[in-house]
Amino acid sequence: MILDAVVPARNEASTIAAVIGALRECAYVRETVVVDDGSTDDTGDVARAAGAKVVRRDAARGSKAHAMAIGVASTDADAIFFVDADLIGVTSAHLDAVCRPFVDRRCAMSIGTFDYGWRNPFILRLPPTTGERVVARRIFEAIPPERLDGFTIEVTINDVIAEARLTTVARVMKGVTHRTKREKFGQVEGWRRTLRMFRSIFALPFNGSVRWRAIWFYWRGLTIERS
Ligand SMILES: Nc1nc2c(ncn2[C@@H]2O[C@H](COP(=O)(O)OP(=O)(O)OP(=O)(O)O)[C@@H](O)[C@H]2O)c(=O)[nH]1
Ligand SMILES: [Mg+2]
(Lines give C-alpha, C1' and ligand atoms only; values in the text may rest on other atoms or scores of the structure.)
(Ligands and ions follow the chains in the order given, each with its own letter.)
Protein backbone atom coordinates (compact mmCIF):
# COMPACT_ATOMS: atom_id res chain seq x y z
CA MET A 1 0.00 0.00 0.00
CA ILE A 2 1.35 3.42 -1.01
CA LEU A 3 0.79 6.33 1.39
CA ASP A 4 1.45 9.94 0.33
CA ALA A 5 1.13 13.04 2.49
CA VAL A 6 -0.98 16.00 1.37
CA VAL A 7 -0.26 19.30 3.12
CA PRO A 8 -2.58 22.25 2.39
CA ALA A 9 -0.66 25.47 3.02
CA ARG A 10 -1.33 29.16 2.79
CA ASN A 11 1.26 31.52 4.24
CA GLU A 12 2.94 28.92 6.44
CA ALA A 13 6.61 29.66 5.63
CA SER A 14 7.51 29.79 9.33
CA THR A 15 6.45 26.21 10.11
CA ILE A 16 6.28 24.24 6.86
CA ALA A 17 9.93 23.18 6.64
CA ALA A 18 9.79 21.44 10.03
CA VAL A 19 6.53 19.69 9.08
CA ILE A 20 8.01 18.44 5.80
CA GLY A 21 11.19 17.38 7.61
CA ALA A 22 9.12 15.21 9.97
CA LEU A 23 7.12 13.78 7.06
CA ARG A 24 10.27 12.90 5.13
CA GLU A 25 11.49 10.91 8.11
CA CYS A 26 8.11 9.24 8.64
CA ALA A 27 8.61 5.53 7.92
CA TYR A 28 5.34 5.12 6.01
CA VAL A 29 5.16 8.17 3.72
CA ARG A 30 6.37 7.89 0.11
CA GLU A 31 6.03 11.50 -1.02
CA THR A 32 4.83 14.79 0.46
CA VAL A 33 2.65 17.02 -1.72
CA VAL A 34 2.18 20.61 -0.59
CA VAL A 35 -0.77 22.45 -2.11
CA ASP A 36 0.03 26.14 -1.90
CA ASP A 37 -2.55 28.67 -2.97
CA GLY A 38 -2.82 32.32 -2.28
CA SER A 39 0.39 32.47 -0.27
CA THR A 40 1.95 35.90 -0.21
CA ASP A 41 5.03 34.64 1.63
CA ASP A 42 7.55 32.11 0.30
CA THR A 43 5.71 29.00 1.51
CA GLY A 44 6.13 27.27 -1.88
CA ASP A 45 9.87 27.88 -2.14
CA VAL A 46 10.48 26.83 1.46
CA ALA A 47 8.44 23.66 0.91
CA ARG A 48 10.32 22.79 -2.28
CA ALA A 49 13.67 23.38 -0.59
CA ALA A 50 12.58 21.11 2.25
CA GLY A 51 11.96 18.29 -0.23
CA ALA A 52 8.23 18.40 -0.97
CA LYS A 53 6.49 18.32 -4.33
CA VAL A 54 4.67 21.65 -4.56
CA VAL A 55 1.41 22.11 -6.43
CA ARG A 56 0.36 25.71 -6.87
CA ARG A 57 -3.15 26.75 -7.64
CA ASP A 58 -4.94 29.96 -8.39
CA ALA A 59 -6.58 31.10 -5.19
CA ALA A 60 -9.40 33.09 -6.76
CA ARG A 61 -11.82 30.49 -5.41
CA GLY A 62 -11.54 27.58 -3.05
CA SER A 63 -10.48 26.70 0.44
CA LYS A 64 -8.40 24.24 2.42
CA ALA A 65 -10.80 21.50 1.27
CA HIS A 66 -10.24 22.34 -2.40
CA ALA A 67 -6.50 22.32 -1.78
CA MET A 68 -6.82 18.85 -0.22
CA ALA A 69 -8.77 17.65 -3.29
CA ILE A 70 -6.08 18.96 -5.63
CA GLY A 71 -3.42 17.24 -3.53
CA VAL A 72 -5.28 13.92 -3.68
CA ALA A 73 -5.79 14.26 -7.44
CA SER A 74 -2.08 14.89 -7.95
CA THR A 75 -1.00 11.54 -6.48
CA ASP A 76 -1.80 7.93 -7.32
CA ALA A 77 -1.36 6.79 -3.71
CA ASP A 78 -3.82 4.28 -2.22
CA ALA A 79 -4.03 6.26 0.99
CA ILE A 80 -3.47 9.86 2.03
CA PHE A 81 -1.97 11.29 5.17
CA PHE A 82 -3.41 14.80 5.52
CA VAL A 83 -1.16 17.04 7.61
CA ASP A 84 -1.56 20.75 8.30
CA ALA A 85 1.40 23.00 7.57
CA ASP A 86 1.12 25.03 10.77
CA LEU A 87 2.11 22.34 13.28
CA ILE A 88 4.58 23.13 16.06
CA GLY A 89 6.61 20.41 17.76
CA VAL A 90 5.78 17.55 15.39
CA THR A 91 8.34 14.76 14.87
CA SER A 92 8.50 11.69 12.67
CA ALA A 93 7.76 9.61 15.79
CA HIS A 94 4.38 11.37 16.16
CA LEU A 95 3.64 10.81 12.47
CA ASP A 96 4.72 7.15 12.55
CA ALA A 97 2.41 6.60 15.50
CA VAL A 98 -0.54 8.17 13.67
CA CYS A 99 0.10 6.08 10.53
CA ARG A 100 0.67 2.73 12.25
CA PRO A 101 -2.95 1.75 13.10
CA PHE A 102 -3.93 2.43 9.48
CA VAL A 103 -0.94 0.69 7.93
CA ASP A 104 -1.50 -2.30 10.22
CA ARG A 105 -5.11 -2.34 8.95
CA ARG A 106 -6.56 -1.85 12.42
CA CYS A 107 -8.82 1.01 11.29
CA ALA A 108 -10.21 2.83 8.26
CA MET A 109 -9.13 6.22 9.64
CA SER A 110 -6.30 7.05 11.98
CA ILE A 111 -6.09 10.49 13.57
CA GLY A 112 -3.71 12.46 15.75
CA THR A 113 -4.98 15.29 17.95
CA PHE A 114 -3.10 18.22 19.46
CA ASP A 115 -1.94 17.99 23.04
CA TYR A 116 -4.49 19.85 25.17
CA GLY A 117 -3.11 18.51 28.48
CA TRP A 118 -5.81 17.58 31.02
CA ARG A 119 -8.50 18.11 28.35
CA ASN A 120 -7.11 15.30 26.12
CA PRO A 121 -9.54 12.56 27.29
CA PHE A 122 -12.45 14.82 26.32
CA ILE A 123 -10.92 15.99 23.00
CA LEU A 124 -10.17 12.38 22.00
CA ARG A 125 -13.84 11.43 22.29
CA LEU A 126 -15.23 14.31 20.25
CA PRO A 127 -15.79 13.77 16.53
CA PRO A 128 -12.39 15.04 15.39
CA THR A 129 -11.73 18.30 13.59
CA THR A 130 -7.99 17.65 13.49
CA GLY A 131 -6.16 18.07 10.19
CA GLU A 132 -3.85 15.12 10.92
CA ARG A 133 -5.47 11.95 9.63
CA VAL A 134 -4.85 8.95 7.38
CA VAL A 135 -7.63 7.60 5.15
CA ALA A 136 -7.89 5.57 1.97
CA ARG A 137 -8.14 7.86 -1.05
CA ARG A 138 -11.58 6.42 -1.88
CA ILE A 139 -12.90 7.83 1.43
CA PHE A 140 -11.89 11.34 0.39
CA GLU A 141 -13.04 10.78 -3.17
CA ALA A 142 -16.49 9.80 -1.87
CA ILE A 143 -17.05 13.46 -0.95
CA PRO A 144 -18.92 15.27 -3.75
CA PRO A 145 -17.46 18.63 -4.91
CA GLU A 146 -20.33 20.61 -3.41
CA ARG A 147 -19.38 19.35 0.07
CA LEU A 148 -15.81 20.66 -0.21
CA ASP A 149 -15.70 23.43 2.39
CA GLY A 150 -12.63 24.67 4.24
CA PHE A 151 -14.20 24.89 7.70
CA THR A 152 -16.13 21.62 7.65
CA ILE A 153 -14.07 19.19 5.55
CA GLU A 154 -12.83 17.24 8.58
CA VAL A 155 -16.37 16.69 9.87
CA THR A 156 -17.41 15.64 6.37
CA ILE A 157 -14.65 13.01 6.30
CA ASN A 158 -15.87 11.79 9.71
CA ASP A 159 -19.33 11.55 8.20
CA VAL A 160 -18.17 9.31 5.34
CA ILE A 161 -16.45 7.06 7.89
CA ALA A 162 -19.45 6.98 10.23
CA GLU A 163 -22.10 6.44 7.55
CA ALA A 164 -20.10 3.49 6.17
CA ARG A 165 -19.80 2.14 9.77
CA LEU A 166 -16.02 2.18 9.53
CA THR A 167 -13.53 2.34 12.39
CA THR A 168 -11.21 5.04 13.70
CA VAL A 169 -8.15 4.98 15.94
CA ALA A 170 -7.34 8.25 17.75
CA ARG A 171 -4.29 9.26 19.73
CA VAL A 172 -2.77 12.42 21.15
CA MET A 173 0.40 13.75 19.51
CA LYS A 174 2.13 14.57 22.79
CA GLY A 175 3.63 18.07 22.82
CA VAL A 176 2.24 19.05 19.40
CA THR A 177 0.34 22.32 18.95
CA HIS A 178 -0.17 24.71 16.03
CA ARG A 179 -0.28 28.38 15.11
CA THR A 180 -3.84 29.44 15.75
CA LYS A 181 -5.86 31.82 13.61
CA ARG A 182 -5.30 34.50 16.33
CA GLU A 183 -1.55 34.20 15.82
CA LYS A 184 -1.90 34.29 12.03
CA PHE A 185 -4.47 37.04 11.63
CA GLY A 186 -4.42 38.97 14.92
CA GLN A 187 -6.95 38.81 17.75
CA VAL A 188 -9.97 40.42 16.06
CA GLU A 189 -9.77 38.78 12.62
CA GLY A 190 -8.50 35.54 14.21
CA TRP A 191 -11.50 35.25 16.54
CA ARG A 192 -13.87 36.25 13.72
CA ARG A 193 -12.57 33.37 11.58
CA THR A 194 -12.57 30.93 14.51
CA LEU A 195 -16.21 31.77 15.33
CA ARG A 196 -17.17 31.42 11.66
CA MET A 197 -15.49 28.00 11.60
CA PHE A 198 -17.34 26.77 14.71
CA ARG A 199 -20.64 28.19 13.43
CA SER A 200 -20.21 26.29 10.13
CA ILE A 201 -19.38 23.06 11.99
CA PHE A 202 -22.28 23.28 14.47
CA ALA A 203 -24.72 24.12 11.65
CA LEU A 204 -24.03 20.82 9.86
CA PRO A 205 -26.45 18.53 11.75
CA PHE A 206 -29.11 21.28 11.77
CA ASN A 207 -29.00 21.99 8.04
CA GLY A 208 -29.05 18.30 7.15
CA SER A 209 -25.50 18.08 5.77
CA VAL A 210 -24.60 15.53 8.46
CA ARG A 211 -27.00 13.29 10.34
CA TRP A 212 -26.98 13.24 14.15
CA ARG A 213 -26.60 9.47 14.04
CA ALA A 214 -23.11 9.95 12.55
CA ILE A 215 -21.87 10.89 16.03
CA TRP A 216 -23.17 7.62 17.44
CA PHE A 217 -21.65 5.53 14.61
CA TYR A 218 -18.36 7.42 14.93
CA TRP A 219 -18.20 6.62 18.66
CA ARG A 220 -19.10 2.98 18.02
CA GLY A 221 -16.13 2.63 15.68
CA LEU A 222 -13.68 4.59 17.84
CA THR A 223 -10.63 3.14 19.62
CA ILE A 224 -8.39 5.44 21.63
CA GLU A 225 -4.71 4.56 21.79
CA ARG A 226 -2.56 5.71 24.68
CA SER A 227 0.36 7.95 23.69
N1 LIG B 1 -3.78 25.64 0.20
C2 LIG B 1 -4.57 26.13 1.16
N3 LIG B 1 -4.32 25.86 2.42
C4 LIG B 1 -5.13 26.38 3.37
C5 LIG B 1 -6.23 27.21 3.06
N6 LIG B 1 -6.84 27.54 4.23
C7 LIG B 1 -6.13 26.96 5.21
N8 LIG B 1 -5.10 26.26 4.70
C9 LIG B 1 -4.09 25.46 5.41
O10 LIG B 1 -4.78 24.45 6.12
C11 LIG B 1 -4.14 24.19 7.36
C12 LIG B 1 -5.11 24.41 8.51
O13 LIG B 1 -5.64 25.71 8.40
P14 LIG B 1 -5.99 26.61 9.66
O15 LIG B 1 -6.52 27.91 9.15
O16 LIG B 1 -4.86 26.63 10.60
O17 LIG B 1 -7.22 25.85 10.24
P18 LIG B 1 -7.34 25.07 11.59
O19 LIG B 1 -6.00 24.59 12.07
O20 LIG B 1 -8.39 24.06 11.33
O21 LIG B 1 -7.96 26.19 12.50
P22 LIG B 1 -7.35 26.87 13.81
O23 LIG B 1 -7.69 25.94 14.91
O24 LIG B 1 -8.09 28.15 13.97
O25 LIG B 1 -5.90 27.09 13.53
C26 LIG B 1 -2.92 25.12 7.39
O27 LIG B 1 -1.81 24.43 6.91
C28 LIG B 1 -3.33 26.24 6.44
O29 LIG B 1 -2.22 26.90 5.86
C30 LIG B 1 -6.48 27.48 1.67
O31 LIG B 1 -7.43 28.16 1.30
N32 LIG B 1 -5.62 26.92 0.77
MG1 LIG C 1 -4.22 25.73 12.49
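Both ligands and their constituent atoms are indexed starting at 1 by order of listing.
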> Does the T167 side chain pair with the main chain of G221, one donor and one acceptor, at a distance under 3.5 Å?
Replying inline: no
> When only distance counts, is A85 in polar contact with ligand 1, meaning an N/O pair under 3.5 Å?
Replying inline: yes
> Relative to ligand 1, is S63 under 4.0 angstrom through side chain, backbone, both or neither, heavy atoms considered?
Replying inline: backbone
>> Residue-level breakdown please: for H178 versus ligand 1, do any non-hydrogen atoms fall below 4.0 Å on the side chain, on the backbone, on both, or on neither?
In response: side chain
> Below 3.5 angstrom, do we get any N/O pair linking T180 and ligand 1?
Replying inline: no
> Does the cation-pi check pass for R182 over W191, that is, NZ or CZ under 6.0 Å from the six-membered ring centre and within 45° of its axis?
Replying inline: yes
> Do the non-hydrogen side-chain atoms of K64 and E154 ever get within less than 4.5 Å of each other?
Replying inline: yes
>> Taking the six-membered ring for Trp, are F102 and Y28 closer than 6.0 Å centroid to centroid?
In response: no
> Taking the N/O/S atoms of H178 one by one, which is nearest to the Mg ion (ligand 2)?
Replying inline: ND1
>> A cation-pi test, strictly: NZ or CZ of R193 under 6.0 Å from the centre of the six-membered ring of F185 and no more than 45 degrees from its axis. Yes or no?
In response: yes
> Tell me: protein heavy atom nearest atom 9 (C) of ligand 1, and distance?
Replying inline: P8 O, 3.4 Å
> Any donor-acceptor pair under 3.5 Å linking the side chain of R211 with the backbone of G208?
Replying inline: no
>> Can you tell me which portion of R57 lies within the under-4.0 Å heavy-atom range of ligand 1? Options are side chain, backbone, both, or neither.
In response: neither
> Above 12 or not: heavy atoms from other molecules or residues under 6.0 Å from CZ of R24?
Replying inline: no
>> As an exercise, identify every atom of ligand 1 less than 4.0 angstrom from a heavy atom of R179.
In response: 25 (O)
> Judging by distance only, is a nitrogen or oxygen of A9 under 3.5 angstrom from one on ligand 1?
Replying inline: yes
>> Students often mix this up, so state it plainly: with edges at 30° and 60°, are the rings of H178 and F114 parallel, tilted or perpendicular?
In response: tilted
>> Does R179 form a salt bridge (charged side-chain N to carboxylate O under 4.0 Å, His left out) with E183? I'd like the steps, not just the answer.
In response: CA-CA 6 Å; R179 283 175 71 224; E183 289 163 274; 5.5 Å; no
> Heavy atom under 4.0 Å from ligand 1: found in E12's side chain, backbone, both, or neither?
Replying inline: side chain
>> Please name the atom of D86, limited to N, O or S, that comes nearest to the Mg ion (ligand 2).
In response: OD2
> Any side-chain heavy-atom pair from P8 and D84 closer than 4.5 angstrom?
Replying inline: yes
> With a cut-off of 4.0 Å, which atoms of ligand 1 are near a heavy atom of D86?
Replying inline: 16 (O), 19 (O), 27 (O)
> Donor-acceptor pair, D36 side chain versus T43 backbone, under 3.5 Å?
Replying inline: no
> Can you tell which of E132, M68, K181, R10 gets a heavy atom nearest to atom 14 (P) of ligand 1?
Replying inline: K181
> Which option, V55, D37, V19, owns the non-hydrogen atom nearest atom 32 (N) of ligand 1?
Replying inline: D37
>> Under 4.0 Å, counting heavy atoms only: does K184 come that close to any atom of ligand 1?
In response: yes
> Out of K64, M197, R193, who gets a non-hydrogen atom closest to atom 5 (C) of ligand 1?
Replying inline: K64
>> Below a 4.0 angstrom heavy-atom separation, can you tell me which part of V35, side chain or backbone, both or neither, approaches ligand 1?
In response: backbone
